[in-house]
Amino acid sequence: MKKELIKKPTGTLDILPEDCIKRRHLENELINFFNNYNYKEIRTPTFEKTELFKRGIGDYTDVVSKEMYSFHNNEFTLKPEMTAPVIRAYLENSMYNLPGVVKLFYISNMYRHERPQAGRFREFSQFGAEAIGSSSYLIDAEMILLCIKILEHFGVGNVITKINTIGSPIERKDYLNELKKFLKDHIGSLTDTSKNRLEKNPLRILDTKDEKEIEILKSAPRLYDYLNDSTKKHFVNLLNLLDKLNIKYQVDYNLVRGFDYYTSTTFEIISNDLGSQNAIIGGGRYDNLVEELGGKSIPAIGFACGIERLLFLMEKNNYKFPSESIVNLFIVTFGDKAKDFALKTLIALRKRNIKCDTDFLDRSIKSQMKEANKIGSEFTIVIGDSEIDTNNALIKRMKDGKEFEISLNELEKINLDKFRN
RNA sequence: GCGGGUAUAGCUCAGCAGGUAGAGCGUCAGAUUGUGGCUCUGAAUGUCGUGGGUUCGAGCCCCACUACUCGCCCCA
């Protein structure tokens with residue numbers, strides 16, 4: 001009886017060798033990048049207490065209310081995002097005692113129980129950063145700059161940076177009342193989802209894609225007009241600095257993000273080359289979160305970038321990934337003596353960091369040569385009884401077929417450079 | 001949670017008034033016995049997503065289910 005195959009869970013990815021090389025490369029480059037900006041890496045658990053996300057992200061957000069992978073009587077949850085865990089770790093490890101602004105970055109998997117589609121998975125990877133301890137618009141600017149430079153570095157230049165400021169909950173209070181009043185006057189034209197949001201989360205209605213609603217919202221009160229002078233000043237300073245830094249952006253007064261912790265600056269980088277999930281980077285300031293999670297009132301800002309989406313864009317833009325690591329030497333064998341000798345030699349060569357392999361299927365010389373060719377081995381050496389007897393063999397340079405005589409005694413110490421050109 | 005599309009060899013796909021399956025690529029093996037790349041020859045692999053129905057007969061028609069996929073919602 002043939003047994004049934006077990007398949008991977010919906011929305012997950014098998015990352016095969018070819019893609020692992022790309023991701024490894026991406027990660028290495030990122031680490032370099034973050035180090036240049038003086039960000040330190042942080043890793044947190046794959047799961048956290050569910051309460052962390054409820055309090056951090058907000059009970060009524062879509063992610064918390066219906067997309068969390070929770071288990072063990074809902075006590076724990078696979079992390080759906082990294083900001084809350086990083087702040088938790090920051091507080092738990094008293095990192096506020098570190099000098100200056102605490103700048104942290106991460107590369108990690110996230111989990112959200114959504115319906116998968118182009119550019120959206122249930123298990124996905126993000127990298128991102130959090131800068132904790134400064135309320136200056138300078139750090140906002142540096143972070144947006146960092147995002148754009150990273151994308152540029154990976155050959156993704158054709159993007160749109162959207163930016164907005166949404167103030168604090170207190171600043172939003174009056175505005176929300178006005179917005180509700182306004183929307184109620186147009187309630188007949190609202191979609192069902194917007195009607196539902198009217199009481200729970202009216203701000204999100206601003207983000208609608210319904211054309212009728214977009215038209216109505218054009219005459220709606222504007223949040224910006226209700227913000228404090230200091231918030232406005234922060235925003236204006238930021239925009240002026242971005243101008244000086246030659247960073248192109250679009251102010252989008254309707255840019256509202258889905259997590260409750262955002263205050264003041266929010267931004268999003270989108271690409272029209274992605275599918276309908278067009279955001280590649282999202283971020284913003286969250287000046288109340290540290291306090292919300294039990295710390296002192298400490299301002300912070302962060303962003304996250306979708307790695308699958310970034311990789312997709314890199315492929316689309318023909319980014320040149322490093323090629324697969326090639327085998328330096330393939331030892332073709334026949335006869336038991338040769339096979340034993342080969343294995344012993346491989347150990348010595350590998351110790352010298354020479355990438356090498358041999359046949360384990362007892363196949364013909366021809367087949368072994370074919371394999372060596374297919375895996376892109378630089379050199380091959382055929383060893384059989386006569387080579388063992390005479391202690392001499394021919395090493396073959398695969399790219400042009402040239403052969404060189406060498407002594408088997410010296411194979412372990414071979415200097416391949418001598419035969420490279 | 002709600003819509004649309006798709007489901008044939010490892011991969012990309014073809015198939016037809018409905019008559020019990022094909023190509024290319026890949027894999028494996030050979031082309032005067034111990035040497036790759038080009039070429040040629042040959043081989044293996046599919047209960048045509050699953051279950052039911054219509055029919056003498058279904059990969060092809062109908063129904064259900066499942067998976068995948070794209071979109072809504074939301075997000076990276």
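Only heavy atoms go into these numbers, but all of them, side chains included; no hydrogens, no water, no symmetry mates. Letters go in sequence order (proteins before strands), and every chain restarts at 1.
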Engineer: Map every base of RNA chain B to its dot-bracket character, where paired means a Watson-Crick or G-U wobble contact with both distances under 3.5 Å and | marks a partner outside the strand.
Structural biologist: (((((((..((((........)))).(((((.......))))).....(((((.......))))))))))))....

Engineer: Would A:R397 and A:F379 count as a cation-pi pair here, with the cationic atom under 6.0 angstrom from the ring centre and within 45° of the axis?
Structural biologist: no

Engineer: Go through B:G36, B:G1, B:A76 for me and flag the one nearest to the A:N373 side chain.
Structural biologist: B:G36

Engineer: Work out how far the P atom of B:G26 is from that of B:C11, and round it to whole angstrom.
Structural biologist: 15 Å

Engineer: Is a donor on one side and an acceptor on the other found under 3.5 Å between the side chain of A:R122 and the backbone of A:R112?
Structural biologist: no

Engineer: Is there a side-chain contact between A:V256 and A:T266 in this structure, where contact means two heavy atoms from C-beta onward sitting under 4.5 Å apart?
Structural biologist: no

Engineer: Mind checking if A:G128 touches a base, just sugar-phosphate, or nothing, with heavy atoms under 4.0 Å?
Structural biologist: nothing

Engineer: Reckon A:S276 has a side-chain N or O less than 4.0 Å from the OP1 or OP2 of B:C72?
Structural biologist: yes

Engineer: For B:G30 and B:U66, measure between their C1' atoms and round to the nearest Å.
Structural biologist: 44 Å

Engineer: CG of A:L361 versus C1' of B:A29: gap in Å, rounded?
Structural biologist: 14 Å

Engineer: Just to be sure I understand the rule, does A:V332 reach a base, reach only the sugar-phosphate, or reach nothing, if contact means heavy atoms closer than 4.0 Å?
Structural biologist: nothing

Engineer: Does the gap between the ring centers of A:Y319 and A:H25 come in under 6.0 Å?
Structural biologist: yes

Engineer: Does any non-hydrogen side-chain atom of A:I383 lie less than 4.5 Å from one of A:I381?
Structural biologist: yes

Engineer: Between B:G34, B:A29, B:G71, spot the one nearest the side chain of A:S367, thanks.
Structural biologist: B:A29

Engineer: Quote, to the nearest angstrom, the P distance that separates B:U12 from B:G53.
Structural biologist: 32 Å

Engineer: Carefully, step by step, assess A:F105 and A:Y39 under the rule ring pair (Phe, Tyr, Trp, His ring centres under 6.0 Å).
Structural biologist: CA-CA 6 Å; A:F105 81 92; A:Y39 279 81; 7.5 Å; no

Engineer: Given side chains that start at C-beta, do those of A:I163 and A:Q250 come closer than 4.5 Å, heavy atoms only?
Structural biologist: no

Engineer: Contact class for A:R122 vs. all strands (heavy atom < 4.0 Å): base, sugar-phosphate, or nothing?
Structural biologist: nothing

Engineer: Kindly say whether the aromatic ring centers of A:Y226 and A:Y175 come within a distance under 6.0 Å.
Structural biologist: yes

Engineer: Side-chain contact, heavy-atom cut-off 4.5 Å: A:E387 with A:L394?
Structural biologist: no

Engineer: Tell me what A:A304 touches on the nucleic acid: a base, only sugar-phosphate, or nothing, going by heavy atoms under 4.0 Å.
Structural biologist: sugar-phosphate

Engineer: If I pick the P atom on B:G36 and the same atom on B:A44, what distance separates them, to the nearest angstrom?
Structural biologist: 26 Å

Engineer: Which part of the nucleic acid, if any, lies within contact of A:E403, taking any heavy atom under 4.0 Å across all strands shown: a base, the sugar-phosphate backbone alone, or nothing?
Structural biologist: base

Engineer: Between B:A9 and B:G59, how many Å separate the two C1' atoms, rounded to a whole number?
Structural biologist: 14 Å

Engineer: Using heavy atoms and a sub-4.0 Å distance, could you list which residues of residues 14-40 of chain A are near RNA chain B? By number, please.
Structural biologist: none

Engineer: Which comes earlier along RNA chain B counting from the 5' end, the contact point of A:R309 or that of A:A118, where each point is its nearest nucleotide?
Structural biologist: A:A118

Engineer: Do A:K162 and A:Y249 have side chains that approach each other closer than 4.5 Å (heavy atoms only, starting at C-beta)?
Structural biologist: no

Engineer: Taking 5.5 Å and 30° as the limits, would you call A:F334 and the base of B:G34 a stacked pair?
Structural biologist: no

